[in-house]
Amino acid sequence: MTKKTTFFNSALFLTILLFVFFLLIQYGTKIELVASAIGISSSFDVWWHLFSAAGLCISLCFGVLILISYGISFIHAKSAQIFLFSASSLISLLILLDIKLFTLTGNHIFDEFVINGIRNGALTSEVNLGTATYIFGIGIALLFFLAPYLIQYILTKFLKTSSHIFIQSILPILILIFSVVFFATATKKPILQQAYIWPQFAKPHTFSIESKSQMLELYTMYAQKEDYKLEDKKNILFIVLESFRGDLHHLTPHINYLSETYGTHRSSYHYSGTNTTETSVFSLLYGIHGLNYALFANHKTPSLPLQILSSAGYDLQGFSASRLRGWNNSDFLLDQFNSYIEYTEWSDWRSDSVTVEEFLSAYSQRCKDTPHFYFVFLHSTHHNYYFPPTFEIHTPVISQNYNHFLGDDTLFHHRESIFNRYKNSMMYVDYLLEKITAGISDDLDNDLILVITGDHAEEFWENGLLGHGASNLYNSRTLVPLVFHVPGKEKQTHIASGHSHIFPTIFSYLTPNFDIQPFVDAPALGAHNNTVLISANDFMRTGRLCLVSPPLKQWLTFKDSELHLTRTFTLEDADTTHTTLPTLVEREIMTQIGKYFD
């Protein structure tokens, strides 16, 4: 068979594949109706989406590869085969990595978030893989690169054919079957019904970071002003705790003490802005919903609350035990501080210990004629959940070096020992908060506003998964503690509150010469301000939101400029029969989203 004939046959085969998968995508709804009519499972639509999207992408890839290998064959035939086999193996390996990453975090390997994390090392720090994982990964990579040669050997040995067209044809089919089957088996059904391997071939992104936003332009203009003034200039301390749950009160006696003794604002249900760190910290420092993070990050827009404080003479200082800088374009958050230092030389509980010591040293040596805003971020409750040996109270515990990304089903067998690690780390952080309180106690009664909260919570299979990355906005991922102390002010109790309430409430006490309310998404906490809007970390792609409007929680999807109610819960995450969203509430949410996405 000549090279031209081989190329023609390969091109014809791939053209047929492309046409079939295109028809599946184009007429999938009709196929689904036919399948339903003849009694096929309602999950059929999931499978044709997976096969058609994956098949289209793989066919396109192989079309390019065969075209390139055809050109190489004029120079050296053997090199063309090596190129095709190696490229096929690389595609298979990337598919495996992408599916694994997507099922764990909801992100793809081609997402900007992942690429930037790999480039600056933040993702490596977050994943915290051990030596055994790297060895296993190298072994898998070698296996994938040897697979095409094994296929060729089997075809030649048992089927008595060495036809290039047959080998070139079977490779994309095998990779397609592998990718879809692996994705289906690696993903639990609720995620499977929402997710696609290559979403750009299934559904467009909900929003773009280039979205036109009149609110963003107005916000940027006012954030650059320099004539802000405050009538009251109390020191402010924000302490943010990584992956810290708000429902395990028996493990945090000192947080309980601070809330009862100093809690000017006490909330039965305090929610993080989102289910990931950078977007939740954004909501806390800006007073706006976390769903706006990508827009503001893209434009590097500063926080108006921080700009007001800076203009009023505040010294903004940040202390972190975690590598926040470089994580998902978060530098714009941290560059606003006059001084920001990360104490990440250690990858365990010692980072928190040093961070606390450095903060207390800076606090004790501060210039008392200058007001200060302090931001302290503690890390020990992040996986793999760290604590010194003296805090190994809940046992048994899994090794500190366990692989957190083995998969939720595998790790489920170690649930007790993993959860015990987390409990011990919570108790350690509670101890550090007691240490901080001792260093600031003289100022709590008259000169220091104190806020202690979590960036998000952490699930331990209460709803089938481990961690916080998946965009399931249950309490186990979003309910965090709140200590909110303002000296000399009357205590108030709220049913619900969120991160976006914090700065508006603080400014209601500091009395600026500027009305901040048009530039935040939540009012100051009061007797009737209990509505909270939580956005999923992948909101820009999925439009997922959670509205907390006591006594209900409602999962929403913003799609095609409309809000769609998908599920309703009580505040304790129990399902209810409510199926409608109040008109006034829907109108308010649409107004807030419309400020950013025209």
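The first residue of the sequence shown is numbered 1, and numbering continues consecutively from there. Below, all heavy atoms of this structure are taken into account, side chains as well, without hydrogens, waters or symmetry copies. The structure presented is a predicted model; accordingly, all values stated were derived computationally and were not measured.
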task = With salt bridge (charged side-chain N to carboxylate O under 4.0 Å, His left out) as the test, would you mind laying out the steps for E462 and R245 before giving the verdict?
result = CA-CA 13 Å; E462 289 87 353; R245 288 178 61 146; 2.7 Å; yes

key: Electrostatic pair E357-K435, nearest N-O below 4.0 angstrom   = yes

query = Between E278 and R325, is there a side-chain N and carboxylate O pair less than 4.0 Å apart?
reply = no

inquiry  = Could you check, using the six-membered ring where one of them is a Trp, whether H501 and H270 have ring centers closer than 6.0 angstrom?
reply    = no

query = Under 6.0 Å between the ring centres of F319 and F375?
reply = no

Should [X] and [Y] count as side-chain neighbours, where that means a heavy-atom distance under 4.5 Å?
X	Y	answer
V520	F503	no
F558	T542	no
L295	N298	no
I452	L241	yes
H383	S243	no
I239	I436	yes
K234	L448	no
I288	F296	yes

Give me the ring orientation class for [X] and [Y]: parallel if the planes are under 30° apart, tilted from 30 to 60°, perpendicular past 60°.
X	Y	value
H379	Y386	parallel
Y293	F332	tilted
F460	Y422	tilted

Is there a donor-acceptor pair under 3.5 Å between the side chain of [X] and the backbone N or O of [Y]?
X	Y	answer
S364	L360	yes
S303	L285	yes
E459	N463	yes
N328	S330	no
N384	N401	no
S508	A524	no
S535	L291	yes
E231	L510	no
H499	G454	yes
N256	H249	yes

query = Going through the distances and angles, do I418 and W461 end up as a side-chain contact (heavy atoms from CB on, under 4.5 Å)?
reply = CA-CA 11 Å; I418 293 174; W461 292 279; 4.0 Å; yes

inquiry  = For Y374 and F238: C-alpha separation, side-chain torsions, deciding distance, then whether ring pair (Phe, Tyr, Trp, His ring centres under 6.0 Å) applies.
reply    = CA-CA 6 Å; Y374 297 102; F238 280 14; over 10 Å; no

Working to the nearest 0.5 Å, report the span between [atom1] of [X] and [atom2] of [Y].
X	Y	atom1	atom2	answer
Y269	S497	OH	OG	12.0 Å
F539	L545	CZ	CG	5.0 Å
K491	F484	NZ	CZ	14.0 Å
L248	T252	CG	OG1	7.5 Å
F519	Q517	CZ	CD	11.0 Å

Closest approach of [X] and [Y], non-hydrogen atoms and distance?
X	Y	answer
I534	L473	O-CD1, 3.9 Å
L378	A321	CA-CB, 4.4 Å
Y474	T478	O-OG1, 2.9 Å
L482	I502	CD1-CD1, 4.0 Å
P388	Y428	CD-CD1, 3.4 Å
T505	Y509	O-CD1, 3.2 Å

So, [X] and [Y]: side-chain donor and acceptor under 3.5 Å apart, yes or no?
X	Y	value
S361	Q365	yes
E342	Y340	yes
T493	R266	no
T437	H254	yes
D315	T370	no
D521	S500	no
S471	D538	yes

message = Between Q400 and Y385, is the side chain to side chain donor-acceptor pair (under 3.5 Å) condition met? List the steps.
response = CA-CA 8 Å; Q400 176 178 295; Y385 318 122; over 6 Å; no

task = Please lay out, stage by stage, how T264 and Q492 fare under the test side-chain contact (heavy atoms from CB on, under 4.5 Å).
result = CA-CA 6 Å; T264 305; Q492 301 180 36; 5.9 Å; no

message = As a quick check of understanding, evaluate side chain to side chain donor-acceptor pair (under 3.5 Å) for T344 and R323, giving each step before the final call.
response = CA-CA 6 Å; T344 56; R323 188 178 294 178; 4.6 Å; no

inquiry  = Less than 6.0 angstrom from the centroid, inside 45 degrees of the normal: does R366 satisfy that with respect to the ring of Y363?
reply    = yes

ask   = Could you walk me through whether Y431 and F387 pass the ring pair (Phe, Tyr, Trp, His ring centres under 6.0 Å) check?
value = CA-CA 11 Å; Y431 157 77; F387 52 87; over 10 Å; no

task = Take I506 and V486, measure what side-chain contact (heavy atoms from CB on, under 4.5 Å) needs, and give me the verdict at the end.
result = CA-CA 8 Å; I506 290 175; V486 182; 5.6 Å; no

ask   = Of the options T277, T274, N275, T276, which is the one that meets D455 in a side-chain hydrogen bond (donor to acceptor under 3.5 Å, both in side chains)?
value = T277

task = Return yes when atom NZ of K300 has more than 12 non-hydrogen atoms of other residues, nucleotides or ligands closer than 6.0 Å, and no otherwise.
result = no

inquiry  = With side-chain contact (heavy atoms from CB on, under 4.5 Å) as the criterion, how do R477 and H456 come out once you've worked through the C-alpha distance, each side chain's angles and the decisive distance to 0.1 Å?
reply    = CA-CA 6 Å; R477 290 173 181 258; H456 50 76; over 6 Å; no

